[in-house]
Amino acid sequence: MSEILNYPFSEVRVRFAPSPTGYLHVGGARSALFNYLYAKKNNGKFILRIEDTDLARSTDESLKMMVQDLNWLGIHWDEGVDPVTLKDIGPCAPYRQSERQDLYKKYAQDLLNTGRAYYCFMTDLELETQREKNKSDGTHAHIESPFSEWTLSQAQAELKNGKTAVVRFKTKHLRKDYILNDLIRGEVKFPSDMIGDFVLLRSDGMPVYNFCCVIDDALMKISHVLRAEEHLPNTLRQLMIYEGLGFPVPQFGHISLVLDEDRQKLSKRKGAVACDNFRRDGYLPQAMNNFMALMGWSHPTGAEIFSMDDMRNLFSLERLNASGAVFDRVKLKWMNSQYLRAMNNSDLWNSIEPFLVEAKINFPQNSEWQTKSIEVFKPKMEIFSDAVVLYAAFDDSQFQIHPESDEFLKIETTKSVIQVWVDSVSEIKTKFMTTDDFIRIENEIKNKTGVKGKNLFMPMRVAVIGRPQGTELKLIVPLMSKKSLIERANQVIAVC
RNA sequence: GUUCCCAUCGUCUAGUGGCCUAGGACACCUCCCUUUCACGGAGGAUACACGAGUUCGAAUCUCGUUGGGAACACCA
């Protein structure tokens, strides 16, 4: 069942509108994903709009990062800025609010002319006093400006005298309940007196978020506004502006929040939340999308692992959950491991190699070795960066005997076990031994020393990787050179 | 404080009045596989916040209570 389109929107047009004041976090990415999926599912358009009216905090650097993260996730937009040049593309250009100032001013002027807005000369002190009063009355912050009754020419004269003013939207005559039919929440009723006269244009002439948002959504013919629940209270202001300007109202859908373990809005203080962070740690974009979708949406068959194609085909607003979702990093990791294990060996090697290089881990430049090593380690990795610790085991410069080895070093038979190991390895003619060689040597040690079980295997493992627990020796030893094995074993003998 | 939103295992969720002694997934526990650790396989424990209604019947509808969250700017 698809949502009924509100006249006059003939096609689905949705948008993601980040403000480039930092990194893209998973909450934002999820909103972008849902919008993207909704557009794809309904043959609509997905628009990326840049909300950079806060000039002080908006940076190109941040915009670049967001664009890069969205691309990494495979969330592509039809209109907005070019992913490479960042130039505007699409019929509603420009898509950066900082370049749409004239538009906002024009509509502000319209509102001023029709008496729906007014210049307000209140001082900070006067505003503060009103807020204090509201607070002590126990009511909602509610600005009542004496200037709302001024005529436009009165105000203009004042402006000519060099006074500065904000433009406020007049709400006094709109004393009625506003009802929003939210796509996700159903009917939401805002009491009429919830807000007072609010600012449209700042004293420096810069428009404010709620105002830009309405004008842009209207001019860009956005049919569905899918955004985070934190915007729900904003909707009343926006509804009033739509009404004041005579714009058709889009359908709204307020998506539940992504929460931290303490059930508060996700924040970076409690752990990584930037998409970029997950990319750097070696998460797969498919896993991220799959996981983000599952925070608030569910696959109709109950599947947990599904592709982007699946999502594009099956996404629907009816399956969106109205309650908040805690961001569970443990499950994300598990999900990533599922995708990682589904990769073929050469793709996986190519994915982890940069991580090894960055961590300065030495490894053989030999594709046969590399493929073999992937076979051994694939079940051990959940994210690409896990490879660093795993492959460090092969790097002689990183070899050390870990404290947990002590109890096995103390066993009296250990020294002779390792000595026989060294002797047998020395007799190998090739640089690397085979798995069969290893099994043979293992039996030799057993026979010569009479040691078996734990007391045999743990010391051997210490001799190879410096700790009593880790990857199965018969898998890892054939990947290690004879020279390296002997050197390590001798180091261990020295401390027995 | 005010307004709004939300409420099923620890977590993500399925569930739209009878298929529910509530299903799946992560995590947890046990066992199997494995002379370690993982991977894999088989089991297990754990939830409808509470109270009233409506109904022959309620996790599902209504109301209230409680709890949690968000928003209350010349930020977005």
Side-chain angles (χ1 to χ4, degrees), chain A residues 17-22 51-54 56-58 97 120 122 124 127 131 134-143 164-168 180 182 184-186 188-191 193-196 198-210 212-213 227-236 254 256-257 259 261-265 291 294-305 318-319 321-335 337-338 341 376-382 390 442 446 452-458 460-461 467-473:
Chain A
S19 63
T21 54
E51 309 219 324
D52 56 353
T53 49
D54 185 355
R57 293 197 302 145
S58 300
Q97 291 186 329
C120 172
M122 284 174 83
D124 286 349
L127 292 173
R131 285 200 189 97
N134 289 150
K135 219 175 189 177
S136 59
D137 290 354
T139 58
H140 214 75
H142 222 274
I143 296 300
T164 58
V166 297
V167 174
R168 278 186 195 279
L180 169 69
D182 192 274
I184 297 162
R185 268 146 237 286
V188 178
K189 199 187 279 178
F190 298 108
D193 57 351
M194 190 172 143
I195 52 169
F198 55 91
V199 172
L200 258 22
L201 254 38
R202 298 172 190 147
S203 52
D204 63 359
M206 281 298 266
V208 120
Y209 164 75
N210 282 301
C212 302
C213 187
R227 46 148 62 149
E229 191 194 335
E230 66 203 48
H231 289 288
L232 191 50
N234 282 326
T235 313
L236 174 56
H254 287 91
S256 62
L257 257 17
L259 311 171
E261 286 86 341
D262 59 3
R263 301 208 75 92
Q264 311 233 322
K265 216 167 90 176
F291 184 75
L294 243 20
M295 287 189 291
W297 186 75
S298 58
H299 194 281
T301 67
E304 298 261 332
I305 307 282
E318 288 93 63
R319 297 196 69 80
N321 206 313
S323 56
V326 173
F327 182 54
D328 183 351
R329 292 177 175 80
V330 176
K331 188 163 181 179
L332 203 212
K333 242 187 187 178
W334 166 80
M335 183 156 289
S337 76
Q338 299 301 300
R341 274 165 210 145
V376 172
F377 286 146
K378 197 192 266 185
K380 297 225 156 215
M381 287 188 259
E382 292 188 299
L390 260 13
E442 204 174 59
K446 211 183 285 178
K452 57 182 180 179
K454 217 176 171 184
N455 290 353
L456 173 66
F457 295 99
M458 296 301 191
M460 282 180 70
R461 196 170 280 110
R467 45 163 54 110
Q469 289 180 339
T471 314
E472 214 176 333
L473 286 181

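Per chain, numbering begins at 1; letters A, B, ... match sequence-line order. Being a predicted model, the structure only gives us computed values, none of them experimental.
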Inset, instruction - Quick one: pull up OG in A/Ser19 and CZ in A/Arg57 and give me the separation to the nearest 0.5 Å. - result: 6.5 Å

Inset, instruction - Would you check if the distance from the ring center of A/His231 to the ring center of A/Tyr209 is below 6.0 Å? - result: yes

Inset, instruction - Counting Watson-Crick and G-U wobble pairs only, both distances under 3.5 Å, name the nucleotide matched with B/U11, or none. - result: B/A25

Inset, instruction - Check whether any side-chain N or O of A/Ser298 sits under 4.0 Å from OP1 or OP2 of B/A14, and answer yes or no. - result: yes

Inset, instruction - Examine distances only and state if a side-chain atom of A/Arg263 and a backbone atom of A/Val326 form a donor-acceptor pair shorter than 3.5 Å. - result: no

Inset, instruction - With RNA chain B as reference, determine whether A/Asn321 or A/Asn234 sits nearer its 5' end, using the nearest nucleotide of each. - result: A/Asn321

Legend entry - Span that lies between the P atom of B/G15 and that of B/G53, in whole angstrom: 29 Å

Legend entry - Sugar-phosphate only, base, or nothing, as touched by A/Ser203 at under 4.0 Å among non-hydrogen atoms: base

Legend entry - Pairwise P distance, B/G41 and B/C56 [rounded to whole Å]: 49 Å

Inset, instruction - Quick one, give me the B/S/- string for nucleotides 63-68 of chain B, reading 5' to 3', where B means a protein heavy atom under 4.0 Å from the base and S means that only happens at the primed atoms, P, OP1 or OP2. - result: ------

Inset, instruction - Identify the nucleotide, in any strand shown, that forms a Watson-Crick or G-U wobble pair with B/A45, with both distances under 3.5 Å; if there is none, say none. - result: none

Inset, instruction - Scan A/Glu304 against the nucleic acid and name what it touches under 4.0 Å (heavy atoms): base, sugar-phosphate only, or nothing. - result: base

Inset, instruction - Return the nucleotide paired to B/C33: Watson-Crick means purine N1 to pyrimidine N3 with N6-O4 or O6-N4, wobble means G-U with N1-O2 and O6-N3, both under 3.5 Å. - result: none

Inset, instruction - Specify the separation, in whole Å, of atom NE2 of A/His254 and atom P of B/U3. - result: 20 Å

Inset, instruction - Provide the distance between the two P atoms, one in B/G67 and one in B/C50, to the nearest whole Å. - result: 15 Å

Legend entry - Distance (rounded to the nearest 0.5 Å) between A/Glu229 CD and A/Ile184 CD1: 9.5 Å

Legend entry - Distance, rounded to the nearest Å, where A/Leu294 contributes CG and B/G24 contributes P: 16 Å

Legend entry - Test item: side-chain donor near acceptor, A/Arg131 and A/Ser136, under 3.5 Å: no

Legend entry - C1' gap between B/C28 and B/U46, integer Å: 10 Å

Inset, instruction - For B/U16 and B/C61, measure between their P atoms and round to the nearest Å. - result: 11 Å

Inset, instruction - Taking A/Ser337 for its side chain and A/Glu382 for its backbone only, find out whether a donor-acceptor pair lies under 3.5 Å. - result: no

Legend entry - A/Lys189 NZ - B/A71 C1' separation (whole Å): 20 Å

Inset, instruction - Sort out the partner of B/U2 for me: Watson-Crick or G-U wobble, both distances under 3.5 Å, none otherwise. - result: B/A71

Inset, instruction - Rounded to the nearest angstrom, tell me the gap between atom CG in A/Leu257 and atom P in B/A7. - result: 14 Å

Inset, instruction - Determine yes or no for a side-chain-to-main-chain donor-acceptor pair under 3.5 angstrom, with A/Arg341 supplying the side chain and A/Met381 the backbone. - result: yes

Legend entry - Distance in angstrom units between A/Ile184 CD1 and B/C4 C1', rounded: 16 Å

Inset, instruction - Could you tell me the separation between the CG atom of A/Leu259 and the P atom of B/C12, rounded to a whole number of Å? - result: 8 Å

Inset, instruction - Let me know the distance between CZ of A/Phe190 and C1' of B/U2, rounded to the nearest Å. - result: 15 Å

Legend entry - Residues A/His254 and A/Asp182: side-chain donor-acceptor under 3.5 angstrom: yes

Inset, instruction - Ignoring the backbone of A/Ala325, work out which of B/A70, B/C74, B/U13 is nearest its side chain. - result: B/U13

Inset, instruction - Go along nucleotides 26-46 of chain B 5' to 3' and tag each nucleotide: B for a protein heavy atom under 4.0 Å from its base, S when only backbone or sugar atoms are that close, - otherwise. - result: SS-------BBBSS-------

Inset, instruction - Provide the Watson-Crick or G-U wobble partner of B/C56, both distances under 3.5 Å; none if there is no partner. - result: B/G18

Legend entry - Out of B/C5, B/A76, B/C12, whichever nucleotide has its closest atom nearest the side chain of A/Leu232: B/C5

Inset, instruction - Report yes if at least one side-chain N or O of A/Arg168 is closer than 4.0 Å to OP1 or OP2 of B/A73; otherwise report no. - result: no

Inset, instruction - Check for a donor-acceptor pair, side chain of A/Asn321 on one end and backbone N or O of A/Trp297 on the other, with a separation under 3.5 Å. - result: no

Legend entry - Stepwise salt bridge (charged side-chain N to carboxylate O under 4.0 Å, His left out) test for A/Glu304 and A/Lys331: CA-CA 11 Å; A/Glu304 298 261 332; A/Lys331 188 163 181 179; 3.0 Å; yes

Legend entry - B/A73 to B/G68 separation - P atoms, rounded to the nearest Å: 24 Å

Legend entry - Spacing of NZ belonging to A/Lys380 relative to OG1 belonging to A/Thr471, to within rounding of 0.5 Å: 4.0 Å

Inset, instruction - Using the C1' atom on both, measure B/A71 against B/G10 and round to a whole Å. - result: 29 Å

Legend entry - Distance test, side-chain N/O of A/Arg131 to OP1/OP2 of B/C74, below 4.0 Å: yes

Inset, instruction - Give the minimum heavy-atom separation between A/Phe190 and A/Leu232, together with the two atoms involved. - result: CZ-O, 3.5 Å

Inset, instruction - Determine the contact category for A/Arg319: base if any of its heavy atoms lies under 4.0 Å from a base atom, sugar-phosphate if only primed atoms, P, OP1 or OP2 are that close, otherwise nothing. - result: sugar-phosphate

Inset, instruction - Give none if B/C50 has no partner; otherwise give the nucleotide forming a Watson-Crick or G-U wobble pair with it, both distances under 3.5 Å. - result: B/G64

Inset, instruction - Could you state the atom-to-atom distance from CZ of A/Arg57 to C1' of B/A73 in whole Å? - result: 12 Å

Inset, instruction - Write down the distance separating the P atoms in B/C12 and B/A38, rounded off to the nearest Å. - result: 27 Å

